[in-house]
Amino acid sequence: MLLLCLHLSAAGQSKTVVKEQITGIFWQVVSFEDTIPSRASGQKMGITLMNNNKMSGFALCNNISGTYSLKPARGILHFKNMNMTWRGCAGAVRAEYHFLNALKITTHYRLSKDTLVLYAGNRRMMSLLKQQGQ
C-alpha cells in the first residue's frame, strides 16, 4: 500500500515544461497564409515582442506597434492596440493591411526551433523565422 501511495504521489507531481522564449527577438515573416510575401530589396515584414508587453515591427514600408498578452504555457498570444504608420508605398498597402489584420486576430502560436507560427483558431496565419543579431 505504501508503494502504491508513493507511486500515485510521484505521478501527481506536475512536470515543469520549459518553452523557448519568444520575446526580445525579431521574427521575420517567411510565409503569410501559405504564400511567400513578395518584397522589394530592403523591405521587411516582421515583429519583435518586447519584454514589457509592447510589440513593434515592420510591414514592408510602414512601422507597426501595439501591445500583446502572452501565456506561453498554453501557447496563447493576442495582439492589442495595433497601430501602423501610413507612408505611401506602391503595391504594399494591401499586403500591409492584411498583415496588420492577421496580427489582430491571432489567438495562439507554436514554436518549432527557430520558426514561430501564428494561428487564428485553426487557421495558420503566418510563419516567422528568428533573426539572429537583431
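Excluded from the calculations below are hydrogen atoms, water molecules and symmetry mates; all remaining heavy atoms, backbone and side chain alike, are included.
Put simply, the side chain of Ser65 never gets that close to the backbone of Ser56: no donor and acceptor are under 3.5 Å apart. A donor-acceptor pair under 3.5 Å links the side-chain atoms of Asn83 to the main chain of Asn81, judged by distance alone. Although no hydrogens or angles enter the test, the distance criterion places a donor-acceptor pair under 3.5 Å between the side chain of Asn62 and the main chain of Arg87. Between the side chain of Thr115 and the backbone N or O of Leu111, no donor-acceptor pair lies under 3.5 Å.
Expressed to the nearest 0.5 Å, how far CD of Gln28 lies from CD of Gln131 amounts to 4.5 Å. Considering CG of Leu49 and CD1 of Ile25, their distance stands at 8.5 Å, rounded to 0.5 Å. For the atom pair Thr106 OG1 and Leu118 CG, the distance stands at 4.5 Å (nearest 0.5 Å).
Asn63 places none of its side-chain heavy atoms less than 4.5 Å from the side chain of Met84. Residues Arg110 and Tyr119 have side chains in contact (heavy-atom distance under 4.5 Å, counting atoms from C-beta outward). Counting only heavy atoms from C-beta outward, the side chains of Phe32 and His98 approach each other to under 4.5 Å. Two residues are said to be in side-chain contact when any heavy atoms from C-beta on lie closer than 4.5 Å; Leu70 and Pro72 meet this criterion. Side-chain atoms of Val117 and Arg124, non-hydrogen and from C-beta on, do get closer than 4.5 Å to each other. Residues Ile76 and Thr107 have side chains not in contact (no heavy-atom distance under 4.5 Å, counting atoms from C-beta outward). Proximity of Phe99 to Val29: side-chain heavy atoms (C-beta onward) are separated by under 4.5 Å at one or more points. Taking the side chain as every heavy atom from C-beta outward, Leu128 and Ile47 approach each other to under 4.5 Å.
Nearest approach of Tyr68 to Phe79, heavy atoms of both residues: CB-CD2, 4.0 Å. Shown here for Met50 and Met55, the closest heavy-atom pair between the two residues is CE-C, 3.7 Å.
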message = Evaluate Ser31 against Met126 for side chain to side chain contact (heavy atoms under 4.5 Å, CB included), listing each step before the verdict.
response = CA-CA 6 Å; Ser31 70; Met126 66 186 82; 5.8 Å; no
query = Passes side chain to side chain contact (heavy atoms under 4.5 Å, CB included), Asp114 versus Leu129? Steps please.
reply = CA-CA 6 Å; Asp114 289 341; Leu129 185 63; 4.1 Å; yes
**Prompt:** Yes or no on side chain to side chain contact (heavy atoms under 4.5 Å, CB included) for Lys113 and Lys130, after CA distance, side-chain angles and deciding distance?
**Reply:** CA-CA 9 Å; Lys113 295 185 182 183; Lys130 179 180 184 177; over 6 Å; no
Report task. Check step by step if side chain to side chain donor-acceptor pair (under 3.5 Å) holds for Asn51 and Thr23. Result -> CA-CA 6 Å; Asn51 293 325; Thr23 59; 2.8 Å; yes
Could you walk me through whether Leu103 and Ile64 satisfy the side chain to side chain contact (heavy atoms under 4.5 Å, CB included) test, starting with their C-alpha distance in whole Å, then the side-chain angles of each, then the deciding distance to 0.1 Å, before giving a yes or no? CA-CA 10 Å; Leu103 291 172; Ile64 59 173; 3.6 Å; yes
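No side-chain donor-acceptor contact under 3.5 Å links Thr67 and Asn53.
Counting heavy atoms of neighbouring residues, nucleotides and ligands inside a 6.0 Å radius, atom NZ of Lys54 does not exceed 12 of them.
In this structure, Phe26 and Phe58 have perpendicular ring planes: the angle between them is above 60°, well past the 30° mark.
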